[in-house]
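Report on the following structure.
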Amino acid sequence: MTAPTLSPVRRGAALSAAGAAVLLAALDAYVVVGVLIDIVGDLQIPVNRLERATPIVTGYLLGYVAAMPLLGQLSDRLGRRRVLQYCLSAFAVGSVVTALAGTLPLLVGGRILQGAAGGALLPVTMALVGDLWEPRRRSSALGTVGAAQESGSVLGTLYGVGVATALGAWSVTSNLEPQGWRWIFWINLPLTAIAMLVVHRALPPGGGNPGRRLDLVGGGLLAVALAVLVVALYNPDPERSALPTWGWPLIGAAALVIGLFVLWERRTTTRLLDLAKVRSRPFFAVLGVSLLTGAVLLVTLVDVELFAQTVLGRDSGAAAVLLVPFLGALPVGAVIGGWCARRWSDRWVTEIGLVVAAIGYLLMSRWEADIGTTRVWGLPQLPIDLVVAGLGLGLVIAPLAAAVLAVVPDVEHGVASAAVVVARTAGMLIGVAALTAWGLHRFRELTATLNPPLPFGRSEAEFQAQFAEYERLLTDALVTQYREIFGICGALCAVAVVAALLMPSGRDR
């Protein structure tokens, strides 16, 4: 489908409809975080076995990553509107299963179905932009899609707590089921129905290439590999080790399946993505930049919160609030990046965004234990540094999505868009696992010679002075660990700057 097929008003309506679906799916990715304790209590999971509840969160991610490439290719074959409708329907079914679940396996199954359906909404919407907008105008539309995705990530936890609290209280006064967390998923049904109606009316019918065959074997192998990698890299107890006990065996299994996928793609005539028709150098450059920025993004979310709790002494709620400047800057940067890329080029806006992000992480790598009270130009420095980093990462979202659409044939926009999102998610998983391992190693190395003082054989004042010195040295070790991690994030942004030089320029459009 080409850009002139629809009027600007119809294209705007189509973008709004698809963007609303993306927002709904992004909200549900994090919606259970704030009500996890309520879910655990309702399912009668012992408080001392909370690790059993981690699949409630990771199950969504598992489905999100695994199904995305094949569903992206399916949208290339059947058209965007039809696949969006299928995915919204499956998302509603997953919501019902989750809302009715009385056991943990059934609830996790519902979350996996939600994730599989919700994960496809983002790349299919990105591909839809490629269908309806001419190349020079895609970036601003993709910035809107990126802003919807990042806004959902920012608001997901607050949305879950708000819905559970409000509707849970209403259900009690109405003599209905008092378990408020279930209403989070019941409310998805009218929202999904509205989204399906708007998608049906706003998006053009047809499209796609009905004669194109699906690479079910390749898609299945890639889905299995990604799913195994998700399970391998998710560690419910990172304080003991960087990887869970099952981590390395499953990483080996994922590598084996990826090898089988490569062999299959080389031999079959129906490929998940036909690289012979793709400008491979800029395509893999975009995937590399997406992977690196994904790693930096999730490491920031994890380590800033840990810094707040372990160094600044904030509780979990205050630590989460500390991330608001970073998370708020991401969607703002996505919109600005799309607007700028429309006027300049995807490559240079990506370069600018990565440089800004690198500066932000350079500033963060200089944090001291008193950063919570440090001010610059009369303003608190900590949120300023986070805004700089978040704004830089947000700037690259739309240009990366537009660049990958520029180097693949129109008939493969869906699977190519899925590849960008998969690369970003894989970067998140690999980055947080690798830098967690580095952080644990450095902390143990820095504290290897530290021994806590004992109160025996010394006065109370001497013991208190020695214990205060011991705590100061522990804090210094923590600060050093986090500073090095943020410095590595800045270095990853610098590597991404080099990789982005291989992205298509404005002339390539």
Side-chain angles (χ1 to χ4, degrees), residues 26 30 33-34 143 146-147 149-158 292-337 349-350 352-398 424 427-428 431-432 435-436 439 475 478-494 496-497:
Y30 302 94
V33 174
Q149 168 71 16
E150 300 305 331
S151 297
S153 303
V154 174
L155 300 174
T157 302
L158 298 176
L292 290 169
T293 54
V296 170
L297 174 62
L298 190 58
V299 168
T300 306
L301 296 179
V302 171
D303 282 276
V304 168
E305 191 162 351
L306 288 175
F307 182 93
Q309 294 183 38
T310 58
V311 176
L312 302 182
R314 310 269 180 102
D315 59 28
S316 58
V321 170
L322 195 68
L323 275 170
V324 169
F326 177 81
L327 293 171
L330 280 171
V332 174
V335 174
I336 296 174
V349 175
T350 301
I352 292 170
L354 292 171
V355 169
V356 171
I359 292 172
Y361 288 106
L362 175 63
L363 295 172
M364 292 165 63
S365 71
R366 303 175 67 182
W367 282 359
E368 299 287 353
D370 61 351
I371 188 63
T373 58
T374 303
R375 303 181 77 83
V376 56
W377 301 318
L379 299 173
Q381 182 178 349
L382 190 148
I384 292 176
D385 296 349
L386 289 173
V387 166
V388 173
L391 189 65
L393 290 180
L395 285 172
V396 309
I397 292 173
R424 184 187 188 201
M428 291 179 176
V432 77
L435 287 186
T436 297
T475 300
L478 285 169
V479 170
T480 300
Q481 168 198 337
Y482 292 123
R483 289 176 64 168
E484 291 177 353
I485 288 176
F486 295 140
I488 293 172
C489 288
L492 292 178
C493 290
V497 169

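Numbering starts at 1 and runs along the sequence shown. Just so it is clear, the structure is predicted and the values come from calculations on it, not from any experiment.
The aromatic rings of Phe307 and Trp367 sit tilted, their planes meeting at an angle between 30° and 60°.
Residues Gly487 and Ser365 approach most closely at N-CB, 3.7 Å, considering heavy atoms. Taking both residues in full, the closest heavy atoms of Ala369 and Thr475 are given as CB-CG2, 4.0 Å, listed atom of the first, atom of the second, then distance. Scanning all heavy atoms of the two residues, the minimum distance from Ala329 to Leu391 falls at CB-N, 3.5 Å. When all heavy atoms are compared, the tightest approach of Ala357 to Ala389 is CB-O, 4.1 Å. Taking every heavy atom of both residues into account, Cys493 and Ala358 meet most closely at CB-CB, 3.9 Å.
In this structure, Leu312 CG and Thr373 OG1 are separated by 9.0 Å, a value rounded to the nearest 0.5 Å. Considering CG of Leu386 and OG1 of Thr300, their distance stands at 8.5 Å, rounded to 0.5 Å. The distance from the CZ atom of Arg483 to the CD1 atom of Ile371 is 10.0 Å, given to the nearest 0.5 Å. The structure places OG1 of Thr374 at 13.0 Å from CG of Leu379, a figure rounded to the nearest 0.5 Å. To the nearest 0.5 angstrom, Asp385 atom CG is 10.0 Å from Phe486 atom CZ. Rounded to the nearest 0.5 angstrom, Ile485 CD1 and Asp303 CG are separated by 4.0 Å.
Partners of Arg366 according to the side-chain hydrogen bond (donor to acceptor under 3.5 Å, both in side chains) rule, which considers only residues two or more places apart in sequence or in another chain, do not exist here.
With Leu354 as the fixed residue, the side-chain contact (heavy atoms from CB on, under 4.5 Å) test singles out one of Leu395, Val396, Ile359, Leu292: Val396.
Under the 4.5 Å side-chain criterion, counting only non-hydrogen atoms from C-beta, Leu330 is in contact with Leu393. Looking at heavy atoms from C-beta onward, Val304 lies in side-chain contact with Met364 at the 4.5 angstrom threshold.
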